[in-house]
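Indexing begins at 1, ligand by ligand and atom by atom, following the structure's order.
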Amino acid sequence: MAFFFGDKMNYQHIFHAGNAADVLKHLVLLGVLRALARKATPFLYLDTHAGGGLYDLNAAAALKTAEFQTGIGRLWATREAANVPPLVEDYLNIVAARNPHGTLRTYPGSPLFAQAVARSDDQLILFEQAAEVCNYLKALCADDPRVSAHNSDGYAALKAFLPPRTRKRGVVLIDPPFEDRNEFTRVGEALIGAVERWPTGIFLVWYPITAQSEDAQLLARLRASGLRKILSVEWCWHGCRLPKGMNGSGMLIVNPPWQFEREMDTLLQWLHPQLAPDARAGKVQVQWCVPE
Ligand SMILES: C[S@@+](CC[C@H](N)C(=O)[O-])C[C@H]1O[C@@H](n2cnc3c(N)ncnc32)[C@H](O)[C@@H]1O
């Protein structure tokens, strides 16, 4: 089976699948999905930038950057540890289900984490703009009647699909590649519009933290927007604001589940020393960007 998509496209998540940023994103996503699944009423999962769904960590592209080795690679090694938080255990079990022989070879993307939590009456709607990637995703989910995958623009989908007609509760994941210089602006506008259309939905946005501080501008834009209840979970595994590359990443959570900030703080305090290259450098931060 191949999970590597041709080299005609610009952004390819295979180069980054399972890295420390993916680990943070998928742990936060899983925490939110589990909170939704605690209530019997069915939920909707809408993924605006779904990717291919499953990644081959032995593919040349994955091995070229080897980013997964300092993300899921390090976390995988903690499976037998005594003090693994329940959310991490849950996450590792989902990864393990895709690696039944016990060796880490594949890494599930956001749609598969959602699929693992979804009950029979929950619904997953996925959007992926790269046709080849979307075809792979469609094939992966073809047997699951809860899932529909669309080869279209995830930002446009927020306008077309919200508020949802079929479910009253749910979560939207906005996880763009951030390769376009306008992506931060686009994300901010899309998020504000989407929350206005569906004020009770939970919204998750992944963002990179770099020296350019565009993340800080996004947070300032959201503070000025009038939106309420926005939690930010940030993790810099090197020192923050190093001049080059990605220093860390964050997740915005609009309308987080009750006491989610506590769960995230406990999680990150545990995660950082496990994964950071130097546990004394870098930092974790869970804070209300805008409180209730
Ligand atoms: C960061 S990856 C997604 C990873 C995935 N959410 C996960 O966690 O496994 C971003 C994906 O968005 C796709 N993409 C880029 N622009 C898009 C758009 N406007 N609408 C939908 N998908 C887009 C890219 O092809 C890429 O597969």
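Using a 4.0 Å cut-off between heavy atoms, Gln12 makes no contact with ligand 1 at all. Under 4.0 angstrom from ligand 1, the non-hydrogen atoms of Ala50 all belong to its backbone. Under 4.0 angstrom from ligand 1, the non-hydrogen atoms of Lys25 all belong to its side chain.
A heavy-atom distance below 4.5 Å is not found between the side chains of Leu46 and Val171.
Between Trp235 atom CH2 and Leu271 atom CG the span is 4.0 Å, to the nearest 0.5 Å. For the atom pair CG (Leu219) and CD (Gln287), the distance works out to 7.5 Å, reported to the nearest 0.5 Å.
Applying the 4.0 Å criterion to heavy atoms of Asp153 picks out, from ligand 1, the atoms 18 (C), 19 (N), 20 (N). Below 4.0 Å from some heavy atom of Pro177 lie the following atoms of ligand 1, by number and element: 15 (C). Less than 4.0 angstrom separates some heavy atom of Gly109 from each of these atoms of ligand 1: 9 (O). Contact atoms of ligand 1 toward Gly154: 18 (C), 20 (N), 21 (C) (distance under 4.0 Å to a heavy atom of the residue). When each atom of ligand 1 is checked for a heavy atom of Thr48 under 4.0 Å away, the hits are 20 (N), 21 (C), 22 (N). Atom numbering of ligand 1 starts at 1 in the shown order; those under 4.0 Å from a heavy atom of Ser152 are 20 (N), 21 (C).
A salt bridge is absent between Arg105 and Asp56: the closest approach of a Lys/Arg side-chain nitrogen to an acidic carboxylate oxygen does not fall below 4.0 angstrom.
Looking at ligand 1, you won't find any N or O of Val133 less than 3.5 Å from one of its N or O atoms. For ligand 1, the polar-atom distance check finds no N/O of Asp22 at less than 3.5 Å from any of the ligand's N/O atoms. An N or O contact shorter than 3.5 Å is missing between Tyr11 and ligand 1 by distance. Inclusion of His26 in the set of residues having an N or O under 3.5 Å from an N or O of ligand 1 is warranted. By the 3.5 Å distance cut-off applied to N or O atoms, Arg186 is not counted among the residues near ligand 1.
Distances from atom 26 (C) of ligand 1 to the heavy atoms of His49, Glu128, His13 show the closest one on Glu128.
For Asn83, the CG atom is densely surrounded, since the number of other residues' heavy atoms within 6.0 Å is greater than 12.
If you look at His13 and Tyr107, their ring centroids are not closer than 6.0 Å.
Residues His16 and Tyr55 have side chains that never bring a donor and an acceptor to within less than 3.5 angstrom of each other.
Partner Phe161 forms a ring-ring contact (aromatic ring centres under 6.0 Å, His included) with one of Phe127, Tyr155, Tyr45 and no other, that one being Phe127.
Geometrically, Arg74 does not engage Trp76 in a cation-pi contact defined by less than 6.0 Å to the ring centre and at most 45° from the axis.
A salt bridge (Lys or Arg N to Asp or Glu O under 4.0 Å) check over residues 167-180, counting only residues at least two apart or in different chains, returns the pairs Lys25-Asp175.
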